[in-house]
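To start, the structure under review is shown below, and the notes come after it.
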Number of protein chains: 2
Amino acid sequence: MSPNKENYLKTIFELEHDHQKISNKNIAEMLNISAPSVTEMLAALTKEGLVTHTPYNEISLTKAGLAQARELVRKHRIWEVFLANKLHYAMADVHAASDILEHATDDKLADRLNDFLGHPKRCPHGGIIPGNSEEENDSDVTLATLVPGDAATLQRVIDNHDFLSYFEDLQLHLNERLTSVKKEPFSGPFIVRTDDRETVAISENAAGFMFVTDVVKGTAEEQDKQ
Amino acid sequence: MSPNKENYLKTIFELEHDHQKISNKNIAEMLNISAPSVTEMLAALTKEGLVTHTPYNEISLTKAGLAQARELVRKHRIWEVFLANKLHYAMADVHAASDILEHATDDKLADRLNDFLGHPKRCPHGGIIPGNSEEENDSDVTLATLVPGDAATLQRVIDNHDFLSYFEDLQLHLNERLTSVKKEPFSGPFIVRTDDRETVAISENAAGFMFVTDVVKGTAEEQDKQ
DNA sequence: CTTGCGTATTAGGCAAACCGAAAAAATGTC
DNA sequence: GACATTTTTTCGGTTTGCCTAATACGCAAG
């Protein structure tokens, strides 16, 4: 399997995971290639039994394709943990390097690396590492949905370089408990308080890229204060 | 630069290092491809200024080609150290995995990995790691050249899977001081004694794949005993 | 129910890297 | 020095993965 084809599978997998439409166009944009190239490759992957594709219609992974995509995500995230924890890469930089390393990684290497890292449950942006965790699904509740008074735990952020650079500047940390303090009008910043009483202002846009769990609604009184 | 072209450069570099003839045929055999493909690629590499190639004649690396090949060898060997020391790969298995990883490694990753490993001077088979060591050249005196009574230090062995499997069975170690005890006639085994008085029989063929330094000639008397 | 627009596919081509067959050059042998 | 052998190159030809331009489809709005 060429690195190339692997990337198609991973892209389809990720579009599905993010509840986005799996269309020729979306795939082409994610991979930065033309639409005809996507059609062509989908035909090849269909012939290999990794993808189901009915022309002008639905695209999905077969069981075999899904397994392979999951394995690729696993390798990707294991490398991310290595780069962040052992080589002290900045959070924003682990993704690009892992995107390349994942294709140079056979199962044995992935397993050894996983052992070496102590079977981490999540990658540096909080995504689960398939196989290392009982739960298999990431939260898809964003910080932006909280109303003042609500508290929640920051579980995961999206894996995008520009966002991550911004996120690192915010000095927030995964697994940190956040309480929504205020929501400015006109798509203004979103203000949260961390456990140690610091307040942080987050752009509305960015809050939509941060996923939380264990949401506890605030009291009505607190909500009134807004 | 494609992984492909990188492999051509590395192959030429290694042929030169091993004092073998740098010919179309040798390159083709090392890379397991046909002779016409080699001619074609040499033309491409020449156009890129990495190789000098006069038809039906000499093949050599330019300064730029040499630098790139050295860098590749550096990445290769850094990965070998990582796989052997951190992931506990068998000596015979590090080579194949590194051959793939080296192409997925940019300079930043190589540097970080090198830091993480503490700037090792040599790879698991004893080859120097360019940049980490003052000396830049490996010994090319083989164990097979010793006569009974001579002592020497095992510095390096060739990086070949089958040989390394055999070498691991021998239970010899790099940097170990060896004393030649006996050389059986008719290309028979070569017998050496280690520091802790163990004797080990090595096939003549294999002794030619093991390189030593600090050779101290034995006394005439000892040589007579043979 | 037709027109228009966005999306998907087909058609035809290009570049990289490989191949086998055949020609050309170099090398070894008598 | 001529012939045979080996090595290298040249000459088509294949596959993979990409492209642009043109065509086909599907849906939504009038």
Below 3.5 Å between N/O atoms, which protein atoms pair up with nucleotides 27-29 of chain D? Just atom names and distances, please.
none

* Asked: Across the strands shown, which category fits B:Lys21 at heavy-atom distances under 4.0 angstrom: base, sugar-phosphate, nothing?
  -> nothing
* Asked: Given C:dA17, is OP1 or OP2 found less than 4.0 Å from the side-chain N or O atoms of B:Ser2?
  -> yes
* To do: Considering non-hydrogen atoms only, spot the tightest contact between B:Leu9 and B:Val51 and give its length.
  => CD2-CG2, 4.0 Å
* **With A:Glu102, the side chain to side chain donor-acceptor pair (under 3.5 Å) member among A:His76, A:Lys75, A:Arg77** => A:His76
* Any salt bridge between A:Glu135 and A:Arg122, counting N to O under 4.0 Å? -> yes
* To do: State, without any angle test, whether A:Asn4 and A:His103 hold a side-chain donor-acceptor pair at a distance under 3.5 Å.
  => no
* To do: Quickly work out the A:Asn26 CG to C:dG6 P distance and round it to whole Å.
  => 16 Å
* Check whether any side-chain N or O of A:His53 sits under 4.0 Å from OP1 or OP2 of C:dA8, and answer yes or no. => no
* Structure fact -> Whole-Å distance, A:Leu31 CG to D:dT16 C1', equals 16 Å
* Asked: Distance under 6.0 Å and angle within 45° of the ring axis: does A:Lys86 meet both against A:Phe116?
  -> yes
* Letter per nucleotide, 5' to 3', of nucleotides 18-23 of chain C [B base touched, S only sugar-phosphate touched, - untouched; heavy atoms, 4.0 Å] -> BBBB--
* **Gap between atom CD of B:Gln68 and atom OH of B:Tyr8 - 0.5 Å precision** => 15.5 Å
* Asked: Taking the side chain as C-beta and beyond, is there a heavy-atom pair between B:Ile59 and B:Thr52 under 4.5 Å?
  -> no
* To do: Rounded off to whole Å, could you give me the CD1-to-P distance for the A:Ile22 and C:dT7 pair?
  => 17 Å
* Asked: Separation of A:Asn7 atom CG from D:dT16 atom C1', in whole Å?
  -> 15 Å
* Structure fact -> Atom NZ of B:Lys25 and atom P of C:dA26 are separated, to the nearest Å, by 18 Å
* **For atom CG of B:Leu9 and atom C1' of C:dA17, their distance in whole Å** => 15 Å
* Between B:Arg70 and B:Phe13, is NZ or CZ placed under 6.0 angstrom from the six-membered ring centre and within 45° of the ring axis? -> no
* Close side-chain approach of B:Ser180 and B:Leu143, heavy atoms under 4.5 Å -> no
* Asked: Rounded to the nearest Å, what distance is computed from the CD atom of residue A:Glu58 to the P atom of nucleotide C:dT7?
  -> 19 Å
* To do: To the nearest Å, give me how far apart CG (B:Leu42) and C1' (D:dT10) are.
  => 15 Å
